[in-house]
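Below, all heavy atoms of this structure are taken into account, side chains as well, without hydrogens, waters or symmetry copies. In what follows, chains are A, B, ... by sequence order, proteins preceding strands, each numbered from 1.
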Amino acid sequence: MEPTAVPELARRFVIALLFLTHVQFAAFLIGIFTIAVACEFFALVFGGDNLMRVARGLGKTAALVYSTGAVLAFMVMFFATIFFPTFWYTILRTSFWALFLEGITFALTILYLLPWYFTWEHLERFRWVHLSLGGALIVAAYFQQSLIDVVASYMLTPAPPEEFLRVLFNATAIPLDMHRIVGDISFAGFLVAGYAAFRALRSREPADHAYYDWLGSLGLLAGLGFLFLQPAIGIEYVEEIRAVSPGAFNAMMRTHNSWLFLLQVAFLSVLFLLSMLYMLWQLGKSDRSGYRRMQSLLAVAALSAVVLLMPRVIGPSQEYMWINWVNPLGAMQPWKYIAFAGLTLSAIFAVATYVGRLRKGLRWGYLGGRGRQAQYLLLTLAVFASFMMALMGFIRENSRVPFLIYYQQQLDQPEAFPTLLPTPTPAGPASHFQSAPVGEPERGLPAPKVGDV
Amino acid sequence: MLYRLFAPLVDGLDRRLPWRRTLNRLLSDPVPERGGWWYTLGAALFVLVFIQIATGIFLMFFYVPSWDHARESVSYIQNEVYLGWLVRGLHYWNMVALVLLIGAHMARTFFSAAYKAPRELAWVLGVTLLILMVATAFTGGILRWDQGGYFDAVVGTTIAGWTPIIGPGLAALWRGGETISSLTLTRTFTFHVWLLPVGLVVLATVHVALVVIQGQFGSWVNYEPEPAEAEPPDEDELASQAKVRREVLSPESRKVNLPWRTTWFFPHHMFKEAVVTGAIFLVVFLIALTFRVPIEEPIDPSTTTYAPSSMWFWLFLDQLLLLFPGAWLIPFAVIGVPTVMVVVFYLLPWLDRNPALKPQSRPLAVMFMAVVILSILVLALLGASRVFNYDFVGSPG
C-alpha cells in the first residue's frame, strides 16, 4: 500500500504525535542550554558551588537527551515525506535555504554541545573559554530553532515563495520565534523544578533535600520569570496572524477552536497561580509579612484568572470603555487585557517578594507539611507546562485547517510522490529529470488578501 | 626644536591660564583598572557627537531647507557631490551608533549603580542627553523631506499636539500653523542644526565635567576580591592608589566609591577608549561604505498607497500600540507609557533607595531594568518584522 493511501486521520495523527513529542524535546533542550550556561556564568561571576552543580547536571542531561530529540526530528521528516509528499515537496521548494541552514546549525549545535559537555573538567582552569563554548552553543541552538520556525510560520502566514528574504522573515517568523525561545526557557525551568521536586521527595539525605529544594525554587523562578513575557509576545503574535491570515485568527480566537484557546489560557493561569501558591507556602515557613503580601497577590491573580477565563465580557463594555468590539470567545476585549495585566503584574510582584526573601536566606530542605506539598506543586507545574506546550502547538497547527499551507495548499488535496520521468525534448531524452508532483497545481490557490476570510 | 620655537608662547599662556596643571590633573585622573573596558562608551559617545557635527556641517553646505528644494538638495548631495553619499552615510549611520551607544552606556551606568548619590545629576543629564539625541535623530529624518520625512513630521507634530496642556501650542509652534508647511521644515531644520546640537554639546560637556569631578565609578566588577596569588601592584598602580587615597580621603573630595585598584586615565584608560572609539567608528565607516542611505519618493500628502513606518528607534513604541486596544491607544500607548518611562528614568536615583551597589544585592532594580531592556528589544524586533512585511500585511490590527 502506498503510504499516501493510509487514511488521512492516521497520517495526521502520526505526524502530530511525532511532531509534538519532538517539540517537547527541542523546547526542553534549548531551555536547558540557556539555563545551564546562565548558571555557569553566574557561578563564575558570583561564585556558588550549587550553581555550578546545576550547570553540570543540566549539561549532562542535555548531552544525553539531544540525540532523542534529533531522532524524533528525523522521524518527523521521514513520515512527512512519505505521508504528505506534495506538501513536503512544496516546503522544500519554498524553504530550501532555511532548511539547508537548519541542517548546518544542527551540525554546529552538536559541534558545540559535545565539547561543551566533555571538556567540563579539562577546561577547569579556563572556565571563560568553556563558557564561551556554551555561549556559542546557545547561539547555534537559537538559530536552529529560528530556521525551523521559518517553515512553521510560513505555513501559517506564507510570503511570496520566490522571495527568500520574505520567506525567511515572513510576518510571524520573528514573533513565533520569540514566543518559542521565551517559552522554551520557561518550559525547561518548570521541568527542572519538577525534576528537583521528584528528587527531593525521593532522596533521604538532608543535604540532598536542601539542594533539590533550592533547585526547585531556581527552576520555578526561571519558569515563571520567562512566563511573564509570554502574554505580551503572544498578543503581538496573534495580532500578526490576524493581519495576515485572518481566517486562522478567527478559527483560533473567535470560532470553533477558541475553546482550545480558553483551555490554553486556563493552563497559563494554572501555571501562574500554582507558582504563586508554591512561593506562598515556601515563604510561610519563615516570613510572615511576605506571606501576607503573597496572599493578597495570589487573590489578585486568582481574580484575574477568573476574568481571563470568562467566555463572555463582564462589567461595562462599549459605552463606558469606548470599545466597539463585541466579545465572543477569545476576543481580547478590555477586561481580558486587564486580566492579563493583573495576572502578570501580581506574579511579578510575587517573584520580587520571594526573591527579596531569598536574599535574606530561606531554610532549604524542610519537607514536612507545606514543604512536602510544595514539592507536589512543582511536579504538577511541570505536567501543566508540558500540556501547555503541546496544546499551543496543536492550536497553531489547527488554526489553518483546512489548509496545510495557508491558502496555498489544502489538507485534503491529493497527495502524490513527485515523479522522476525523463523530460521529452525535441533533441531526444533529457539528461535531467522532471520532479513536478502529479496533479499539483503550480502555486495552489491564489494568495490571500487581507480581509478575505 | 619645535618646543623651543613655541616655548615663549606656551609658557606665556601657562602663566596666564594654568593649562599645564589642569591637563596634568585631567590626564592623571584615577580610573577603575578592573573592568575598565566598560567605561569607554562615554568617550566614544563624545567623539561620535563631534563626528556627527562635522558631517552635519558638510551637509549644511549643500542642504536647502525649503519645501521645493529640500529633497532635491539631499538627492544632489547623495548623487552629485564628491563623496557626498559617504558623508551622508556617515552622518546617518553615526546617528544610529550614537543612539545605540547611549543606550548601552546608560545600561552600564545602571547596572554598576553609578546613578546613585552623589552622581544623580550626571544620571539626570544622561537621560536628558538621550532624549536630545533621539530628538536630533528624529528631526534629521524629517529633513529628508521625502514621503517618509513628511509623514514623520505629520506623526511627530500630531503626537506633540497630544501633550497635556501645552500640546496644541507646541504642535502649532513646531508646524508654524495648523498644517505641515514650509515653515515646519525650516523650524525642524533650526531644531536639528542649532537648538538640539547646542543643547547636546553643552549638556555633554557638563556631564563629562561631573564625571571628572566625581570620578569614574567602580562598578561591582571592580570590587571583586583579589585572588591570593595576585601579582603585587607595580609602580604606576601604587602611585595611582596613593592618589586615589588622597582624592577620596580629602575632605574637599567629591569622589566616592572609587575602587581600590585604579590606574591613570592617561595612557592606560585613554588607550582603551581610543581602541573602542576607533573600532566603533570603523564599523560605522564600513557600514556607510556598504549601505547607501535611501531617499524615498517626493512628497504626496494625498497618497493612499504609501505605508509610513516609524524610525527604527521608535519601533518598540510603535509595536506597543498593538497591545492597547481602541481608544486606549493614545492615552496609554502614545502618552502614558513613554511619559512614565521618562519620569521613572529621571527619578531613578531617588526611587531606588537601596544603598547597595552590587547587582546581586539589588535584585528588584536589576529585574526592573532587565525587563525594560528585554521588552524594548523584543518589541523593536517585532516591530522591525512587521515593517518588513508591511506591503504584504497591510496596515496592522
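Atom CD1 of B:Ile165 is surrounded by 12 or fewer heavy atoms from other residues, nucleotides or ligands within 6.0 Å. Applying the 6.0 Å contact sphere to CZ of A:Phe143 captures no more than 12 heavy atoms from other residues, nucleotides or ligands. In the displayed structure, B:Tyr346 atom OH is contacted under 6.0 Å by more than 12 heavy atoms of other residues, nucleotides or ligands.
Residues B:Ser385 and A:Ala171 share a closest heavy-atom pair of OG-O, 3.6 Å. Between A:Met178 and B:Leu377 the shortest heavy-atom distance is CE-O, 4.5 Å.
Atom CG in B:Leu322 sits 15.0 Å away from atom OH in A:Tyr237 (nearest 0.5 Å). From A:Thr172, atom OG1 reaches atom CG of B:Leu382 across 11.0 Å, with rounding to the nearest 0.5 Å.
Neither the backbone nor the side chain of A:Leu358 comes within contact range of chain B, judged by heavy atoms closer than 4.5 Å. At a 4.5 Å heavy-atom cutoff, the contact between B:Leu381 and chain A is made by backbone and side-chain atoms alike. When heavy atoms are compared at a cutoff of 4.5 Å, A:Ile174 approaches chain B by way of both its backbone and its side chain.
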**Q.** Criterion side-chain contact (heavy atoms from CB on, under 4.5 Å) on B:Asn389 and A:Glu240, from CA distance to verdict
**A.** CA-CA 10 Å; B:Asn389 285 283; A:Glu240 292 298 330; 5.9 Å; no
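By the side-chain hydrogen bond (donor to acceptor under 3.5 Å, both in side chains) test, B:Asp152 pairs with no residue at all, sequence neighbours left out. For A:Glu236, the side-chain hydrogen bond (donor to acceptor under 3.5 Å, both in side chains) partners are B:Gln319, not counting sequence neighbours.
Residues A:Ile233 and B:Val378 meet the side-chain proximity criterion, which asks for heavy atoms closer than 4.5 Å.
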